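These notes are about the structure you will find just below.
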Amino acid sequence: MRGARRAALTLVVLAPVCAELTGGAVSLEALWLLPLLVPMYGAGVLLIREAVRRVGGGLPSLILLGLVYELAEDGIGLQALSSPNLYQAAEWGPRVLGLNTAYWEAQAGYHVVFSVLIPIALTDLIHPANRHRPYLRRGGLIGTAVVAVLGVAMVRVLIPPYMDPGYQAPAAVLVGVTALGCVLAVLALKVLPGRTVRASGPRAPRPYVAGLLAALATGGFLALLIPSGTPPAVGEGLWVLVPMALAAALAGTAGGLAVRWSAARDWTATHTIWLAGGALVSHTLFGSVVFARTTLDTAAQIVLAAVTVLLLGLLARRTPTLRLVR
């Protein structure tokens, strides 16, 4: 269990780093906030990984539980999913049933990839001996679930009262978000396990092709949905539905290709590192343009992108031919 505990700690650290630090959402002056996000991000993603491994699930289950995570953070914790004020999310696109649809689309794709899939994939590569087994015993799993719930509650108490004072999501939204999360969790843990993509199909492309796909898809998806200035990102009025549809099509196409390629028998750790690296570097550079408040923040993001490339290069040298298909 010693190696499993190290792997669990690695995932707990990587989740907030990949999701918040590398994207520039946490500026240098607000860097002290990052440890406060560890209970929600770290414990939340560790809980997802443990639940999926225990039921024998795969990528589809991780994706659905990533959506559950996003609903918990944005629907219950931050309540930005329904707030008319926070992050100007209501101006990103049409509001349907009191929900900020464009904001939800952006955050759903973002959290599934950067909060869940990439941290778990990198942890599996750093600790390959434990990649197919749970990290925690039952007591640890229960404790992780408690910390994750407390993490969402802590975000609710610490952030919205200062960034969105006076707003409280309607009870119908909270009930609806909770119910949808429960349905997705049941599908992920009861229906989908055993239906994962099996090793078959065409040969995998060159690793750099996977990295290029991830970089272009990430940059395009974020640019279509997240405004760099006055919302929305692209278009006005109902024309915002066009970039929303394009972003969904881009994510679906890129995700489908990645799933198909990763099922090939010659898919290796190097392919996964390029895939994750392309997405990470692209979203770090995007953050240096959109989220950076000062020149120093921009420089820090560029340096962070370079450090990401260096660290992933070292990881690739460590596990160059590791086959990832079971």
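Keep in mind that what you see is a predicted model, and the values were worked out from it rather than measured.
Going from atom CG of Leu141 over to atom CZ of Arg54 covers 4.5 Å, rounded to the nearest 0.5 Å. For the atom pair CD of Glu70 and CD of Gln107, the computed distance is 6.5 Å after rounding to the nearest 0.5 Å. Residue Ile142 holds its CD1 atom at 12.5 Å from CD of Glu50, rounded to the nearest 0.5 Å. Taken to the nearest 0.5 Å, the CG atom of Asp74 stands 11.5 Å off from the CG atom of Leu99. The CE atom of Met40 sits 4.0 Å away from atom OH of Tyr69, with the distance rounded to the nearest 0.5 Å. Put simply, CG on Leu14 and CG on Leu9 are 9.5 Å apart, with the number rounded to the nearest 0.5 Å.
Here the closest heavy-atom approach between residue Val45 and residue Ser115 is recorded as CG2-O, 2.9 Å. Residues Ala204 and Ala264 share a closest heavy-atom pair of N-CB, 3.6 Å. The nearest pair of heavy atoms linking Ala90 to Arg95 is CB-CD, 3.6 Å. What you find for Leu224 and Ala233 is that their closest heavy atoms are O-CB, 3.6 Å. Between Leu315 and Leu122, the shortest heavy-atom contact is CD2-CD2, 4.3 Å. Considering every non-hydrogen atom in both Gly3 and His127, the closest pair reads O-ND1, 4.4 Å.
No donor-acceptor pair under 3.5 Å is formed between the side chain of Arg49 and the backbone N or O of Gly44. Under the 3.5 Å distance criterion, the side-chain polar atoms of Ser61 are matched with a main-chain donor or acceptor of Ala188. Checking side-chain atoms of Thr218 against main-chain N and O of Ala215 turns up no donor-acceptor pair under 3.5 Å. Between the side chain of His271 and the backbone N or O of Pro205 there is at least one donor-acceptor pair closer than 3.5 Å. Remark: the backbone N or O of Ala121 is not paired with any side-chain donor or acceptor of Arg131 at under 3.5 angstrom. The closest donor-acceptor contact from the side chain of Glu91 to the backbone of Pro232 lies at 3.5 Å or more, if one exists at all. Not a single donor-acceptor pair under 3.5 Å links the side chain of Arg206 to the backbone N or O of Val209. For the pair Thr123 (side chain) and Pro119 (backbone), a donor-acceptor distance under 3.5 Å is present. Of the possible donor and acceptor atoms, one in the side chain of Gln301 sits under 3.5 Å from a partner among the backbone N and O of Thr22. A donor-acceptor contact shorter than 3.5 Å is absent between the side chain of Thr284 and the backbone of Ala305.
With a 4.5 Å cut-off on side-chain heavy atoms, Tyr110 and Leu225 do not count as touching. Within the 4.5 Å cutoff, the side chain of Val242 has no heavy atoms near those of the Val234 side chain. Using a 4.5 Å heavy-atom cutoff, the side chains of Ile226 and Trp92 are in contact. Met163 is listed as a side-chain neighbour of Leu86, based on a closest heavy-atom distance under 4.5 Å. Counting only heavy atoms from C-beta outward, the side chains of Val152 and Glu73 never approach each other to under 4.5 Å. Side chains of Leu34 and Val38 form no contact here, defined as non-hydrogen atoms less than 4.5 Å apart. Proximity of Leu81 to Ile76: side-chain heavy atoms (C-beta onward) are nowhere separated by under 4.5 Å. Side-chain contact between Ser228 and Val289 is absent, with no heavy-atom pair separated by less than 4.5 Å.
Applying the ring pair (Phe, Tyr, Trp, His ring centres under 6.0 Å) criterion to Phe221, with sequence neighbours excluded, gives no partner residue.
Hydrophobic clustering of Ile, Leu, Val, Met, Phe, Trp and Tyr side chains at less than 4.5 Å, counting indirect connections, unites Val112 with Tyr41. Side-chain heavy atoms closer than 4.5 Å link hydrophobic residues (I, L, V, M, F, W, Y) into clusters, and following such links, even through other members, never connects Tyr167 to Tyr103. In the hydrophobic clustering of ILVMFWY residues, with side-chain heavy atoms under 4.5 Å counting as a link, Leu78 and Trp104 come out together. Put simply, Leu62 and Leu189 are part of the same group of oily side chains (I, L, V, M, F, W, Y) that touch within less than 4.5 Å, one to the next. Residues Val155 and Val116 share a single hydrophobic cluster, defined by chaining ILVMFWY side chains whose heavy atoms lie under 4.5 Å apart.
By the 6.0 Å contact criterion, CG on Leu314 is enclosed, its count of non-hydrogen atoms from other residues, nucleotides or ligands being greater than 12.
Annotation: cation-pi geometry not satisfied between Arg5 and Tyr135 (NZ/CZ under 6.0 angstrom from ring centroid, within 45° of ring axis).
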**Request:** Carefully, step by step, assess Gln79 and Gln168 under the rule side chain to side chain contact (heavy atoms under 4.5 Å, CB included).
**Result:** CA-CA 8 Å; Gln79 298 190 357; Gln168 172 61 50; 3.4 Å; yes
**Prompt:** Can you check side chain to side chain contact (heavy atoms under 4.5 Å, CB included) on Asp124 and His132, steps first, answer last?
**Reply:** CA-CA 8 Å; Asp124 285 347; His132 296 315; over 6 Å; no
**Message:** As a quick check of understanding, evaluate side chain to side chain contact (heavy atoms under 4.5 Å, CB included) for Trp267 and Leu275, giving each step before the final call.
**Reply:** CA-CA 11 Å; Trp267 182 270; Leu275 190 69; 4.2 Å; yes
**Trace of the side chain to side chain contact (heavy atoms under 4.5 Å, CB included) decision for Leu117 with Leu59** = CA-CA 8 Å; Leu117 296 184; Leu59 183 59; 3.7 Å; yes
**Request:** Kindly indicate, with the supporting measurements, whether the criterion side chain to side chain donor-acceptor pair (under 3.5 Å) is fulfilled by Asn100 and Tyr87.
**Result:** CA-CA 11 Å; Asn100 303 318; Tyr87 306 138; over 6 Å; no
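Val307 pairs in a side-chain contact (heavy atoms from CB on, under 4.5 Å) with only one of the listed residues (Leu310, Val303, Val309), which is Val303. Considering Thr270, Leu312, Ile120, Thr272 in turn, Thr272 is the only one that fulfils the side-chain contact (heavy atoms from CB on, under 4.5 Å) rule with Leu125.
The aromatic rings of His283 and Phe114 lie parallel to each other, with less than 30° between the two planes, well short of the 60° mark. Relative orientation of the Phe286 and Phe291 rings is perpendicular, given thresholds of 30° and 60° on the angle between their planes.
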